[in-house]
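Please read the structure below before turning to the comments.
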Amino acid sequence: MATAHTLSPIQSFLDALRAKYADYREGEVATYIPELAKADPELFGICIATTDGYVYEVGDSRQNFTIQSISKPFVYGLALDDHGAELILRKVGVEPSGDAFNAISLHKVTGCPLNPMINAGAIATTGQIVADSPEQRIGRILEMFARYSGRPMAIDQDVYESESRTGHRNRAIGHLLRNFDVLVDDPTATVDAYFRQCAISVTCADLALLGATLANQGLNPVTGQRAIKEQHVENVLSVMASCGMYDFSGGWIYNVGMPAKSGVAGGVLAVLPGQLGIGVYSPRLDAQGNSARALKVCEELSRAWELHQFNPPYCPQTSRRLAYTAAERSSSRTRHSSHRGFLREHGQRIHVVEMQSNLAFSTTEPIVRAVLERVGRPLAVILDFHHVSAINGVAVRMLVDLAEALSRRGAMVHFTHTHRHEVMRNQVASYLADRGEVEALFRYHSTDGAIERCEDVLLEELNASAVSSQRNLDEYEITAALTEEEISLFASLLKHRSHASGEKIISSGEEATNLLLITKGVVGVWLGGGASEGNRVASFSVGTMVGEMAFLDGARRSADVIAEGEVETAAFEIADFVRLQQSHPGLHTKILRNIAVSLATKLRKVNQDVSVLSAARD
Ligand code: GLN
């Protein structure tokens with residue numbers, strides 16, 4: 001477990017908070033369980049665990065104490081996992097009772113405990129944990145806590161025996177539950193398991209991690225282990241929010257605004273869903289049985305850090321990272337100038353929206369709206385998931401519904417960079433079921449690749465001469481402004497070659513002896529190891545040139561060039577270029593200028609891409 005840096009303002013705040021309330025001595029240590037009366041009332045620890053598993057701690061954060069009632073919501077979660085919410089709700093309600101934690105209160109009509117946070121409800125809940133024997137029952141409870149805390153858990157034998165000797169009231173509750181058939185087997189064994197679960201030994205740091213695991217949708221943020229089914233996390237947090245602080249629950253949620261649970265040994269655990277787990281320990285209790293110092297600490301933390309659940313940070317707009325069209329930012333394909341012109345004019349029919357952060361209803365709704373506001377008669381809409389960190393079910397359904405609506409209007413829709421989101425892909429597949437759009441949605445891995453293909457389709461739709469068909473040499477970028485005579489001289493110097501699909505035409509690291517004109521097909525430029533493991537960074541179509549950088553500066557080839565389909569090239573040798581300087585200086589200068597223009601065009605494209613990126617950052 002990482003410890004906080006001494007320069008951290010968060011750590012300093014916690015240090016000061018502990019110092020401030022160390023002098024606060026209101027309340028009394030619990031004595032009705034004799035062993036608890038032995039606790040040193042001065043003990044005081046505070047821990048905060050983040051949902052990425054970082055733990056801040058101050059004071060007696062590693063002091064052991066018994067979990068007591070803080071066990072109740074967790075065992076409730078286990079019962080939900082064992083039986084589902086429907087059955088458990090028939091046994092134990094979810095209404096705040098307004099009574100003390102140990103009140104002998106059951107629903108007047110059903111005989112069911114009002115909620116799982118009062119002892120009656122907690123004992124009934126423990127009785128629901130599936131097991132063949134009392135040992136197995138407590139064993140399963142200990143294993144569950146180990147998943148939450150990330151370490152083996154043990155029972156404080158002295159506290160257990162002490163409560164077992166004196167817990168007549170809880171035994172009475174057990175028998176009452178048996179009388180109403182809420183418990184169906186031996187109530188003595190169930191109450192005994194309950195005493196043991198309350199005597200589980202924890203530290204403040206454990207409480208913070210228990211809380212962070214709930215905040216993290218049931219996944220322990222340090223170990224990555226699942227502690228509770230994701231769908232039951234909200235049930236557990238709900239009962240904590242409404243009933244977790246006994247008859248102070250209303251005041252607590254009003255002031256602190258976080259689901260929480262306290263125990264008579266002096267622990268308090270609070271959860272800020274999605275963000276934090278908080279554990280505080282100090283044994284003196286107020287009249288309601290909540291740790292008096294912990295109450296102060298949590299109130300002040302909530303105010304200072306603005307953690308109240310009903311005052312959440314505003315975030316929806318941040319889910320749209322970038323939105324642009326192919327007119328503003330084209331693919332990395334270098335195309336013939338006539339095609340570039342077409343794409344500048346019509347590229348606004350290809351839309352890209354790069355999303356980011358966490359997609360849920362409120363963060364996806366602005367994406368849906370932005371897409372619908374921007375697109376007129378779209379040819380394609382590309383939704384890029386590269387910077388998305390998480391997506392929930394409703395966000396998946398909204399985006400798929402949007403894709404369907406757009407494709408009914410004739411647009412191609414592509415979800416790109418989805419490889420980190422396996423779960424989302426499966427959700428999309430099952431949501432679409434047999435509607436068959438799935439493959440098209442995920443056809444392109446990268447946004448660049450998707451834009452490139454959509455540009456090809458757009459060019460074809462515009463009847464631009466077919467993207468990969470041949471051109472006359474006078475239409476090439478390298479021959480601009482050459483006379484007919486110069487073109488035929490230049491043509492006589494070229495060496496023509498054909499390449500099979502997949503052939504490596506240029507290899508990274510090799511010496512450059514020429515530049516290549518693409519006379520048929522498309523070539524891809526790959527960095528870092530070629531077509532299988534590398535990264536395709538650019539591509540070139542007919543009429544353009546490739547390899548001109550090494551041609552000019554004599555450096556080694558910086559990337560692999562690979563034929564995509566059948567390709568033909570014409571090589572222009574450095575040696576011939578050098579000879580032209582003597583024999584035909586005018587032609588030499590024109591060619592040099594054309595190469596410079598080609599480089600300038602590429603540089604301009606890079607500048608344009610950068611300006612699209614930085615405009616979006618403003
Ligand atoms: N074991 C304790 C009891 O049942 C737990 C109560 C509590 O922490 N509030 O009395």
Side-chain angles (χ1 to χ4, degrees), residues 8-18 20-21 24 26 45-52 54-58 69-70 73 94-96 98 115 117 204 207-218 221 233-263 267-282 286 288-319 357-358 360-363 365 390 392:
S8 162
I10 295 140
Q11 182 68 39
S12 320
F13 181 88
L14 293 175
D15 290 338
L17 193 60
R18 185 186 183 278
K20 178 171 172 186
Y21 289 108
Y24 183 74
E26 292 297 303
I46 306 172
C47 267
I48 311 278
T50 63
T51 42
D52 64 355
Y54 195 85
V55 179
Y56 293 93
E57 33 190 319
V58 11
S69 280
I70 304 170
V94 289
E95 295 304 332
N115 68 65
M117 302 293 103
C204 245
L207 291 189
L209 274 174
L210 262 55
T213 300
L214 286 177
N216 195 35
Q217 292 161 328
V233 171
E234 66 183 43
N235 304 130
V236 169
L237 291 174
S238 299
V239 290
M240 286 169 71
S242 58
C243 321
M245 302 300 277
Y246 311 114
D247 37 348
F248 183 59
S249 295
W252 170 274
I253 205 76
Y254 192 93
N255 284 323
V256 180
M258 285 181 257
K261 189 72 202 82
S262 65
V268 168
L269 175 158
V271 181
L272 187 58
Q275 302 181 50
L276 298 172
I278 300 174
V280 187
Y281 168 59
S282 196
D286 66 9
Q288 281 93 7
N290 299 317
S291 165
R293 277 176 178 159
L295 239 58
K296 291 281 178 202
V297 165
C298 290
E299 269 176 17
E300 190 150 337
L301 266 179
S302 172
R303 248 194 313 279
W305 290 353
E306 301 178 35
L307 302 179
H308 200 293
Q309 266 258 274
F310 301 139
N311 180 25
Y314 181 72
C315 60
Q317 293 301 332
T318 60
S319 57
S357 74
N358 203 324
F361 177 83
S362 59
T363 47
E365 181 275 335
N392 73 2

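We number each residue from 1, following the sequence as shown. Note that these values count all heavy atoms, side chains included, but never hydrogens, waters or copies made by symmetry.
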Checklist entry - Just by modelled atom types, is the Gly45 backbone N or O under 3.5 Å from a matching donor or acceptor in the Arg18 side chain? => result no
Next on the checklist: Please determine whether side chain to side chain contact (heavy atoms under 4.5 Å, CB included) holds for the pair Val55 and Ile48, giving the CA-CA distance in whole Å, both sets of side-chain angles, and the decisive distance to 0.1 Å.
Outcome noted: CA-CA 6 Å; Val55 179; Ile48 311 278; over 6 Å; no
Item to check | Distance (rounded to the nearest 0.5 Å) between Cys47 SG and Tyr281 OH | outcome: 13.5 Å
Checklist entry - Do any N or O atoms from the side chain of Asn216 and from the backbone of Gly218 form a donor-acceptor pair under 3.5 angstrom? => result no
Checklist entry - Any donor and acceptor pair, going by atom type alone, linking the side chain of Ser242 with main-chain N or O of Ser238 inside 3.5 Å? => result yes
Checklist entry - Nearest heavy-atom pair of Ser357 and Ser319: which atoms, and what distance? => result OG-CA, 4.1 Å
Checklist entry - Are the charged groups of Lys20 and Glu300 less than 4.0 angstrom apart, N to O? => result yes
Checklist outcome for this item: Of all heavy-atom pairs linking Thr50 and Ala212, the shortest is O-CB, 3.9 Å
Checklist entry - If only atom types and distance count, is the side chain of Thr363 paired as donor or acceptor with the main-chain N or O of Asn358 below 3.5 Å? => result yes
Checklist outcome for this item: Rounding to 0.5 Å, atoms OG (Ser12) and CD1 (Ile10) come to a distance of 9.0 Å
Next on the checklist: Rounded to the nearest 0.5 Å, what separates atom CD in Gln288 from atom CG in Asp286?
Outcome noted: 5.0 Å
Next on the checklist: Counting C-beta onward and ignoring hydrogens, is there a side-chain heavy-atom pair between Ile253 and Phe248 closer than 4.5 Å?
Outcome noted: no
Next on the checklist: Using every non-hydrogen atom in the two residues, find where Ala215 and Leu276 come nearest and quote the distance to one decimal.
Outcome noted: CB-O, 3.5 Å
Next on the checklist: Atom CD of residue position Glu299 - does it have more than 12 heavy atoms of other residues, nucleotides or ligands inside 6.0 Å?
Outcome noted: yes
Checklist entry - With a 4.5 Å heavy-atom cut-off, do Val271 and Ile278 have their side chains touching? => result no
Next on the checklist: Using 0.5 Å steps for rounding, measure from the CD atom of Glu26 to the CG atom of Leu295.
Outcome noted: 12.0 Å
Checklist entry - Distance-only, no hydrogens or angles: does the Ser262 side chain make a donor-acceptor pair with backbone N or O of Asn290 under 3.5 Å? => result no
Checklist entry - Shortest non-hydrogen contact from Leu209 to Pro221? => result CD2-CG, 4.4 Å
Next on the checklist: Using a 3.5 Å distance criterion without hydrogens, assess whether the side chain of Gln11 forms a donor-acceptor pair with backbone atoms of Glu57.
Outcome noted: yes
Item to check | Exercise: identify the closest heavy-atom pair between Ser302 and Met258 | outcome: CB-CE, 4.0 Å
Item to check | Distance-minimising heavy-atom pair for Pro259 and Met240 | outcome: CB-CB, 3.9 Å
Next on the checklist: Do Leu301 and Phe13 make a side-chain contact, defined as non-hydrogen atoms from C-beta onward lying under 4.5 Å apart?
Outcome noted: yes
Item to check | Separation of Cys243 SG from Glu95 CD (nearest 0.5 Å) | outcome: 7.5 Å
Checklist entry - Tell me, do Val297 and Ile46 make a side-chain contact under 4.5 Å, heavy atoms counted? => result yes
Checklist entry - How long is the span from the OG atom in Ser69 to the CE atom in Met245, to the nearest 0.5 Å? => result 11.0 Å
Next on the checklist: Taking Gly244's backbone N and O only, do any of them form a donor-acceptor pair with Lys261's side chain (distance below 3.5 Å, no angle check)?
Outcome noted: yes
Checklist entry - So Tyr21 and Ser282, side-chain hydrogen bond (donor to acceptor under 3.5 Å, both in side chains) or not? Walk me through it. => result CA-CA 10 Å; Tyr21 289 108; Ser282 196; over 6 Å; no
Checklist entry - Under a 4.5 Å cut-off applied to non-hydrogen side-chain atoms, are Tyr246 and Pro96 in contact? => result no
